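To start, the structure under review is shown below, and the notes come after it.
Remember, it's a predicted structure, so these values are computed and weren't measured experimentally.
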Amino acid sequence: MPLVTIDVINDVFTDRQKEQMIEKVTAAMVEVEGEAMRPVTWVRIQEFAGGDWAIGGDRLGAADVHAMAEAKTD
């Protein structure tokens, strides 16, 4: 049975966005493994406190991720 873990920073994604992640990741796994695997495909979202993540030695919080997302849409 596949177990997929998605790690995110607290307060970055809404409940609806997390629901969409679960639905789409499950669909991707089923596409690869077949429909019979749907009932045993686990998708888990694990949230971490802001500051518990770092990229290039710089700690990140939710505000940093939101700023990066906004910069991509400009």
Q | Residues in salt bridge (Lys or Arg N to Asp or Glu O under 4.0 Å) contact with Arg38, at least two apart in sequence or another chain | A | Glu35
(Q) Which Ile, Leu, Val, Met, Phe, Trp or Tyr residues join Phe13 in one cluster when any pair of side-chain heavy atoms under 4.5 Å counts as a link? (A) Val4, Ile6, Val8, Ile9, Val12, Met21, Ile22, Val25, Met29, Val43, Ile45, Phe48, Trp53, Ile55, Leu60, Val65, Met68
Q.
Hydrophobic clusters here meaning ILVMFWY residues chained together by side-chain heavy-atom distances under 4.5 Å, can you tell me if Met1 and Leu3 are in one?
A. yes
Q | Arg59 to Gly51 - nearest heavy-atom pair and separation | A | NE-O, 2.6 Å
**Q.** Interatomic spacing from CG in Asp7 to CD in Gln46 - rounded to 0.5 Å
**A.** 5.0 Å
Q) For Glu31, which residues count as a salt bridge (Lys or Arg N to Asp or Glu O under 4.0 Å) partner, sequence neighbours excluded? A) none
Q: Might you point out which heavy atoms bring Asn10 and Glu47 nearest each other, and give the distance in Å?
A: OD1-CB, 2.9 Å
